[in-house]
Amino acid sequence: MKAGRASKTAEAAAAIRANHHLNANDPVFSDPYAFEMTNSQWRLLLNNALLRKALNSNLMNQTFGKLTGQVVGRSRYTEDLLKQAIEHDHIQQYVLVGAGLDSFVLRLAQQYPQLKIFEIDHPDTQRTKLEKLKKLSNTGELPSNVEFVGIDFEKEKLSDALARSGFQNTQAAFFSWLGTTHYLTPQATLATLHNIASFTGKNSQVVMDYSIDYKALEGIERLGSFAVSQFTRFLKEPLIGSFASQTLHHAVEMMGYQVVEDLSGKDITHRYFNHRADHIRHTHATHLIHLKIG
Ligand SMILES: C[S@@+](CC[C@H](N)C(=O)[O-])C[C@H]1O[C@@H](n2cnc3c(N)ncnc32)[C@H](O)[C@@H]1O
């Protein structure tokens, strides 16, 4: 990340959610605030009729659409599991690790008034986000069940950041960690998972996405993964972290997690993108994993 400004990949992810919400028939994930959450350059591009048409053409959906699938698929999966965790497991704490420009607090905080929401992110991203959230909320105020906690993962542990908030580590929590492990070394990702397992309550859950080694990909998937890596390098947030699924499972099981589910790109496509007329599919380059603490 460039010091002093919001994460560019967080802005790109919001722009992808905005495009999907505005232009897809039957969106897999709808974020009506994403357009306002992204930056002015992305808004300019999304407002250009010609570009919008090209961006949502069949050809683009079969290529660029895999990145859209990744971004909207991970949010949809997480919020499906969160709903289940709230309604069936009575979880009342939601921690968005590396929340970026996700608009959960505007879309759903009031629907779950008993849910305590903790947004954890770099202060530079949070500063921009807070300004936008205040502008976009009906009252100019943020919901009272949300706390924003700044962190620099390179300097601080998640447990230390959460200790500055009202987070209750004796109670179960649901953690989402989306679109971030790709930018961290595998050791840093494992250290954070280990940290979560060490301080959080029994029955806590974690949902995160992770990259698999691009050498395991073939054809258009390999090419697409290379293109995304060049794009994020250009944004000064290079992709540096990937895992072999079995190695990751073994490591997290040693920390006390149960792997509830690990969905490959094909599995996610099967669950959420099957038979879509617009050809948007999930990439094979990333997986979604659901972990529970025993
Ligand atoms: C690609 S964005 C993902 C945002 C969001 N979860 C989503 O799915 O759209 C990556 C996030 O990681 C955060 N991040 C990157 N490096 C960080 C660091 N060293 N400390 C804290 N947060 C960091 C950025 O601020 C950004 O919000």
Side-chain angles (χ1 to χ4, degrees), residues 1-2 5-61 63-80 82 96 98-111 117 119 121-122 124-143 146 148 176 178-180 209 228 231-232 234-235 237 272-273 276-283:
M1 279 181 59
K2 197 170 170 206
R5 83 175 301 292
S7 156
K8 289 191 179 182
T9 55
E11 291 169 342
I16 289 171
R17 288 192 290 272
N19 181 54
H20 189 63
H21 170 76
L22 294 169
N23 298 305
N25 285 326
D26 190 19
V28 168
F29 180 79
S30 273
D31 183 348
Y33 297 100
F35 182 79
E36 295 300 333
M37 294 302 288
T38 192
N39 68 26
S40 52
Q41 287 102 318
W42 279 113
R43 284 202 296 276
L44 208 65
L45 292 178
L46 291 171
N47 269 336
N48 181 307
L50 259 180
L51 204 72
R52 204 169 53 230
K53 199 167 171 208
L55 203 61
N56 294 286
S57 63
N58 275 352
L59 180 67
M60 279 303 267
N61 279 343
T63 48
F64 174 76
K66 288 178 185 288
L67 183 57
T68 299
Q70 176 187 343
V71 171
V72 299
R74 70 191 184 207
S75 293
R76 168 68 185 271
Y77 179 65
T78 301
E79 292 193 10
D80 281 357
L82 174 68
L96 292 98
L101 300 171
D102 176 291
S103 66
F104 182 85
V105 299
L106 293 175
R107 289 180 291 109
L108 291 165
Q110 281 170 338
Q111 186 173 318
I117 303 160
E119 287 221 5
D121 208 338
H122 196 284
D124 290 339
T125 305
Q126 272 187 340
R127 200 169 311 115
T128 306
K129 181 171 189 176
L130 277 165
E131 282 167 21
K132 283 177 185 280
L133 290 178
K134 282 184 188 153
K135 258 193 222 155
L136 290 170
S137 90
N138 293 334
T139 57
E141 299 292 327
L142 297 173
V146 185
F148 290 81
S176 70
L178 303 181
T180 308
D209 57 342
V228 171
F231 180 58
T232 61
F234 169 73
L235 297 181
E237 295 176 35
Y272 292 120
F273 299 88
R276 282 187 71 88
D278 60 9
H279 305 290
I280 294 175
R281 306 284 182 264
H282 194 279
T283 174

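We count residues from 1, following the sequence as given.
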Asker: Just jot down the side chain to side chain donor-acceptor pair (under 3.5 Å) partners of Thr283, sequence neighbours excluded, or say none.
Answerer: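 Residues passing side chain to side chain donor-acceptor pair (under 3.5 Å) with Thr283: Glu221.
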Asker: Write down the atom of Pro27, the atom of Ser30, and the distance for their closest heavy-atom approach.
Answerer: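 Where Pro27 meets Ser30 most closely, the heavy atoms are CG-OG, 3.3 Å.
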Asker: Can you confirm whether Glu79 sits close enough to Leu108 that some side-chain heavy atom of one is under 4.5 Å from a side-chain heavy atom of the other?
Answerer: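 Glu79 reaches Leu108 side chain to side chain.
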Asker: Would you check if Ser137 and Leu106 make a side-chain contact, meaning some heavy-atom pair closer than 4.5 Å?
Answerer: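 Yes, side chains in contact.
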Asker: Could I get the full list of side chain to side chain donor-acceptor pair (under 3.5 Å) partners for Glu119, not counting sequence neighbours?
Answerer: Lys129
Asker: Look up atom CZ in Arg76 and atom NE2 in His282, then write down how far apart they are to the nearest 0.5 Å.
Answerer: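 One gets 13.0 Å once the value is rounded to the nearest 0.5 Å.
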Asker: Name all residues meeting the side chain to side chain donor-acceptor pair (under 3.5 Å) criterion together with Ser176; count only those two or more places apart in sequence or in a different chain, and write none if there are none.
Answerer: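 Side chain to side chain donor-acceptor pair (under 3.5 Å) list for Ser176, sorted by chain: Tyr94.
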Asker: Just grab all the salt bridge (charged side-chain N to carboxylate O under 4.0 Å, His left out) pairs involving residues 13-29, residues at least two apart or on different chains.
Answerer: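 Checked against salt bridge (charged side-chain N to carboxylate O under 4.0 Å, His left out) - neighbours excluded - the pairs reaching residues 13-29 are Arg17-Asp31.
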Asker: Provide the full list of side-chain hydrogen bond (donor to acceptor under 3.5 Å, both in side chains) pairs with a residue in residues 50-61, sequence neighbours left out, each pair given once.
Answerer: Asn19-Asn56
Asker: Look at the aromatic rings of Tyr77 and Tyr272 and report parallel, tilted or perpendicular, splitting at 30° and 60°.
Answerer: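 Rings of Tyr77 and Tyr272: perpendicular, over 60°.
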Asker: Do Asp102 and Arg107 make a side-chain contact, defined as non-hydrogen atoms from C-beta onward lying under 4.5 Å apart?
Answerer: yes
Asker: What pairs with Arg281 under salt bridge (charged side-chain N to carboxylate O under 4.0 Å, His left out), at least two apart in sequence or on another chain?
Answerer: none
Asker: Hey, could you give me the CZ/OG1 distance between Phe29 and Thr68, rounded to the nearest 0.5 Å?
Answerer: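 Between Phe29 CZ and Thr68 OG1, I get 13.5 Å after rounding to 0.5 Å.
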Asker: Output the distance between atom CG (Leu130) and atom CZ (Phe148), rounded to the nearest 0.5 Å.
Answerer: 5.0 Å
Asker: For residues 33-44, pull every pair meeting side-chain hydrogen bond (donor to acceptor under 3.5 Å, both in side chains), keeping only residues two or more places apart or in separate chains.
Answerer: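 Passing the test, one end in residues 33-44: Glu11-Asn39.
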Asker: Using ring-ring contact (aromatic ring centres under 6.0 Å, His included) as the criterion, list what pairs up with Phe35, not counting sequence neighbours.
Answerer: none
